[in-house]
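So the structure is just underneath, and the comments pick up after that.
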2 protein chains.
Amino acid sequence: MSNIGYAGHMELHEPELREVPVTNVLAALADDVRLQIVRALAGGGEYACGTFEFGVSKATRSHHLKVLREAGLTRTRVAGTSRYVRLRREELERLYPGLLDAVLAAPARA
Amino acid sequence: MSNIGYAGHMELHEPELREVPVTNVLAALADDVRLQIVRALAGGGEYACGTFEFGVSKATRSHHLKVLREAGLTRTRVAGTSRYVRLRREELERLYPGLLDAVLAAPARA
DNA sequence: ACCTATGTTCGACATCCGTCGAACTACCTC
DNA sequence: GAGGTAGTTCGACGGATGTCGAACATAGGT
């Protein structure tokens with residue numbers, strides 16, 4: 001009866017990019033795990049969350065994907081029990097031209 | 001006799017940009033106060049620390065300038081009791097082409 | 001010498017952030 | 001419907017971070 005307290009079938013929060021402060025976008029990119037995810041997505045494909053095995057638990061992975069989504073960097077499509085994530089490249093390029101390329105061009109290991 | 005415990009005349013720590021992880025650079029930019037400082041420096045001039053009155057105490061301002069310096073974003077010249085800060089634009093452009101411009105082009109207020 | 005102006009450093013504090021295991025929801029397949 | 005699979009959410013934890021006032025160091029001026 002009560003679906004209060006669970007958001008499983010609610011729409012995912014995917015803000016308009018222009019409504020996200022730049023500092024949030026930068027903060028989202030300023031983490032090693034998240035940057036690895038972004039790199040993996042940079043090719044353009046769509047990947048299930050489970051794809052990103054970067055040495056963290058699935059709880060942590062879920063957390064990072066949420067941060068990326070709420071920073072306006074990714075979009076998520078729900079399909080069955082899986083969620084497919086992709087980069088919002090064009091929007092990002094329109095609002096912050098050159099930003100993503102500049103970040104991705106940086107060497108992976110400092 | 002003892003100059004232990006104070007670093008007033010020591011050289012400021014200004015790392016090679018290539019030795020700073022990208023995530024550190026991004027994290028340094030992912031703060032409102034620091035981004036305001038970077039914007040103020042973007043014109044190319046050299047400014048004394050006290051120039052940056054952005055509603056924080058001078059202790060906090062000093063902290064942020066240290067973060068920027070240690071992220072490789074700024075260089076500091078000591079002159080008398082003042083310290084003059086400037087952006088390391090060319091180096092930044094060489095290592096992360098387009099990054100700074102992309103960030104600066106973003107609207108100041110979210 | 002004193003006083004002032006400019007910054008830095010030192011605790012201290014509150015908050016945020018990354019991380020995890022455990023419990024949970026939702027869906028798919030037998 | 002029982003079980004398995006994919007993810008999310010919930011506390012909890014430790015460590016990092018932003019903030020401040022106070023104390024300090026240094027240089028310059030009177």
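Only this structure's heavy atoms are used, side chains among them; waters, hydrogens and symmetry mates stay out. Every chain is numbered from 1, with letters handed out A, B, ... down the list of sequences. None of these values were measured; they are calculated from a predicted model.
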Review point. Would you call Arg75(B)-Glu14(B) a salt bridge at under 4.0 Å N-O?
Key: yes

Review point. Looking across every strand, which nucleic acid part, if any, lies under 4.0 Å from Val67(A) by heavy atom: base, sugar-phosphate, or nothing?
Key: nothing

Review point. In whole Å, what is the span from the NZ atom of Lys66(A) to the P atom of dG18(C)?
Key: 13 Å

Study note, to complete from the structure: Closest to the side chain of Thr81(A), out of dA6(D), dC20(D), dG18(D), is dA6(D)

**Study point:** Rounded interatomic separation in angstrom, taking CG from Asp31(B) and P from dT15(C)
**Key:** 17 Å

Check your understanding: Would you say a side-chain N or O of His64(B) is under 4.0 Å from OP1 or OP2 of dT17(D)?
Key -> no

Check your understanding: In terms of side-chain heavy atoms of Ala48(B), which of dG7(C), dC10(C), dT8(D) is nearest?
Key -> dG7(C)

Review point. Toward the 5' end of DNA chain D, which comes first, Ser57(B) or Tyr84(A), by nearest nucleotide?
Key: Tyr84(A)

Practice item. Find the distance His13(A):NE2 to dT9(D):P and express it as a whole number of Å. Key: 13 Å

Check your understanding: Which heavy atom of Ala102(B) sits nearest a heavy atom of Gly98(A), and at what distance?
Key -> CB-C, 4.0 Å

Exercise for review: May I ask you to evaluate whether Thr60(A) reaches the phosphate of dG18(C), defined as a side-chain N or O under 4.0 Å from OP1 or OP2?
Suggested key: no

Review point. Arg34(B) side chain N/O closer than 4.0 Å to the phosphate oxygens (OP1, OP2) of dG18(D)?
Key: yes

Exercise for review: Apply salt bridge (charged side-chain N to carboxylate O under 4.0 Å, His left out) to the pair Arg88(A) and Glu91(A), showing each step before the final yes or no.
Suggested key: CA-CA 6 Å; Arg88(A) 295 169 67 173; Glu91(A) 300 171 70; 2.7 Å; yes

Exercise for review: Provide, to the nearest angstrom, the distance between the NE2 atom belonging to His63(B) and the P atom belonging to dG11(C).
Suggested key: 17 Å

Review point. Would you say dT9(C) has OP1 or OP2 under 4.0 Å from some side-chain N or O of Ser62(B)?
Key: no

Check your understanding: Roughly how far, to the nearest 0.5 Å, is CG of Leu26(A) from CG of Leu35(B)?
Key -> 7.0 Å

**Study point:** Between P of dA16(D) and CG of Asp32(A), the distance in whole Å
**Key:** 15 Å

Study note, to complete from the structure: From the candidates dG7(D), dT9(C), dT8(C), the one with an atom nearest any side-chain atom of Arg61(A) is dG7(D)

Practice item. Would you kindly give the CG-to-P distance between Leu68(B) and dG7(C), to the nearest whole Å? Key: 15 Å

**Study point:** Contact nearer the 5' end of DNA chain C, comparing Ala79(A) with Ala30(A)
**Key:** Ala30(A)

Check your understanding: Nearest-Å distance, CZ (Arg77(B)) to P (dT26(D))?
Key -> 20 Å

Check your understanding: Counting side-chain heavy atoms from CB outward, which of dA6(D), dA23(D), dT19(C) is closest to Lys58(B)?
Key -> dA23(D)

Practice item. Nearest whole angstrom, please: distance from the P of dT19(D) to the CZ of Phe54(B). Key: 13 Å

Practice item. Locate the shortest heavy-atom distance separating Thr23(B) from Ala30(A); write the atom from each residue and the value. Key: O-CB, 3.6 Å

Point to revise | Distance below 4.0 Å between Arg83(A) side-chain N/O and dA6(D) OP1 or OP2 | key: no

